[in-house]
Amino acid sequence: MHNVVTILAWVGCAGYVVAAGYALYFLRTGRQSLLRPTALGLFTGGFSLLGALVLRGFISHRLPLTGARDALSLLIILATAAALPVARRPRAASLLCFHAPLLALLSLITIFLTSDTLATPAHQLRSMPLILHVGVAFLAYAFFLSGGLTSAAYVIQARRIKSHSEAGFFQYLPSLEELDQSLWSSITKGYVLFTATLFIGWAWAWAERNLLGDKWYLAPKVLLSLVMVLFYAVCFHARRRGWLRGPQLAYWVLMGFCLFFGLYLVLELTGLRTYYFWGNAQ
Amino acid sequence: MSLVVLGLSHHTCPVEIRERLAFPPETLPVALARLRKYIDEGGFVILSTCNRVEIYAHHPGASASSLVDILKKFLSDWHQLSEDVFADGLYSYEEIEAAGHLFRVAAGVDSLVVGETQILGQVHDAYLAAQTQQTTDKIIHALFQRAFSTAKTVRSESGIGTGKVSISSVAVDLAAAIFRDFEKTTVLVIGGGETAELTLRSLCEKGARRILIVNRSQETGENLAVKYKGTAHPWQELSNAIAGADIVISSTAAPEYILRVPDMDPVLRLRKGRPIFFIDIAVPRDIDPRVAELPDVYLYNMDDLQHVVERNMEARRRELTRCIETIDKNAQQFIAWMASLAAEPTIRSMADELHQIREQELDKTLHVLSNLSEAEKQEVRYLSERIVNRILQRPMREIKQEIGHHDPHTVLHLVKRMFGLGE
């Protein structure tokens, strides 16, 4: 069974790499016929990775989300699911080719990460609200990842047009309006889901305050999440009021995404993700 | 058997000569019918466009040089012009060069604007006209079918058709990189002029519906507005019009900038960050280039657009080598196929000879085996036919191949000697 998981993971990675190959060739030539195999490669990749993850969960009788490899796999699968619908919009389909190389890179990273042994967690960590909290959070991250990539595409496209460099590697990206719509669609979905996951998380943390300590709400991860919600709320407001739009706003969204993503990584890698940072668990 | 093309094009003579030798569509059927009186056998097609006049002809008996002379005489007689008038601009190609020339023309490689697609339609129309007048034969039909497939291959396998090569189409392409749906964009034309109108027409063809016209002359503005179902506004409302527009085509004869950075501040405030695309095709320029530094403003002037056109043209020219390789390969294949047709009578004689021998030997054998039933005799006949056909397969294939690479007369002479066939 473990061999099947490994094979599925490799097949998934191969799907992403093939999709990235087609995507890069599309960005170079603009041939519309390359969009279909790109989408197909991403679908195969995502489906295989999902198969590997489900099978791993089936073997260990629990959700495999505690290890870095599993978490990254889930993020890739969800980001693929968030990105794939653009393939059905002819004017936006080329955006998929912008996503594919990064997803392929992330899938390659998962192959080289060691797969953790899944130990049986405490009963509090197996509760439905926590599973829901983590699942929805991952979906929100996937949309933010998709939005971050789209904002990068927007910045590149706007600069390309502004600087009169019509030819070049990114000349087949969708129009600015199309990118703007895709960007804000992703960010909106991510924002709604992230807000929802925060509420679910707070409810769970309140219920399990003995486990997390009485000052769980001051944990760096929680504070960072709040700042993130505030940041995106400001972005939404600025866009609605017309204070910030176009490349400037896309640039801010991109910077914000990189910053939050980076800070989350720092918290994870330095062990600061703990919930009893300011107080002891009871 | 000879295949020739006689013609003149933008490469060899000026428009003054080309227009005198042109065949307008309404006279083409009559011209084709008249040419039939000059060329009694074979087939021909007259291709007449604004950039070229060419006659493609095939004759099973006449030599290439005599066929070219006939075509020259026809041109002279039809247009009632002395041959001296157009002799300098004429070119003629024979056999593989004639096929290659048609393939280059159909693929747009020989066009004034390299890679343009209009010519393929014109070649198709010329072929259809000839077919309607029944002036095509097997060779001309195959030649044109091969030309169409070659043009398709060249276009799909090379970048000869990529990148727009006119100011208006480049401007529309750039607008498409900013706006998703032209139906929802508002186009403002400031001033007028041919290029501005061409650009506006291209945008309308792409779906632009909301058209605003601002012109110093109210009458000119209204005329343009009526033509494109837009609305004309007085010059005083220019700022408001810009605030409501997404694409601005500016082409006035103003000696100074009509739009500067300070003029844009209130406009941008009203637009609330919506992008605006300026196409400044006026010379001298209408829009201060510093406007391009403002956020959400994209500005292209005539030089910028011309630069894109030149770069696209250059990119197309770089593809020419690849295109010509494909064309040459297809022309060689076509000529090899044409040559193989010359082998058909010899192959038929060879098959007849072998089957005659088979029949003779079969009769002798069946006479000896008189106790065979009718069904068994029939089976033996089928067997002998199959053996002869199998034996013939390889020589037939080899003759067709060899004839494409060597002198057909030598190859056919050798075959005839080998099988004892009459000359």
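Below, chain A is the first sequence line, B the second, and so on; all start at residue 1.
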Hey, which of B:Val297, B:Leu212, B:Ile276 is the one that makes side chain to side chain contact (heavy atoms under 4.5 Å, CB included) with B:Val248?
B:Ile276

Which atoms of [X] approach chain B - backbone, side chain, both or neither, heavy atom under 4.5 Å:
X	result
A:Arg31	side chain
A:Ala92	neither
A:Gln248	side chain

Determine, step by step, whether B:Leu174 and B:Leu305 satisfy the side-chain contact (heavy atoms from CB on, under 4.5 Å) criterion, reporting the C-alpha distance in whole Å, the side-chain angles of both residues, the deciding distance to 0.1 Å, and the verdict.
CA-CA 9 Å; B:Leu174 286 165; B:Leu305 296 170; 3.7 Å; yes

At a heavy-atom separation under 4.5 Å, does B:Asp181 approach chain A through its side chain, its backbone, both, or neither?
both

Which region of B:Ala292, side chain (C-beta onward) or backbone (N, CA, C, O), has a non-hydrogen atom less than 4.5 Å from a non-hydrogen atom of chain A, or is it both or neither?
backbone

With side-chain contact (heavy atoms from CB on, under 4.5 Å) as the test, would you mind laying out the steps for B:Ser250 and B:Ile258 before giving the verdict?
CA-CA 9 Å; B:Ser250 187; B:Ile258 59 164; 3.8 Å; yes

Under 6.0 Å between ring centres, would you say that holds for A:Phe236 and A:Trp184?
yes

Top contributor to chain A interface from B:Asp173, B:Asn312, B:Leu299 [non-hydrogen pairs under 4.5 Å]
B:Leu299

Using a 3.5 Å distance criterion without hydrogens, assess whether the side chain of A:Thr197 forms a donor-acceptor pair with backbone atoms of A:Leu193.
no

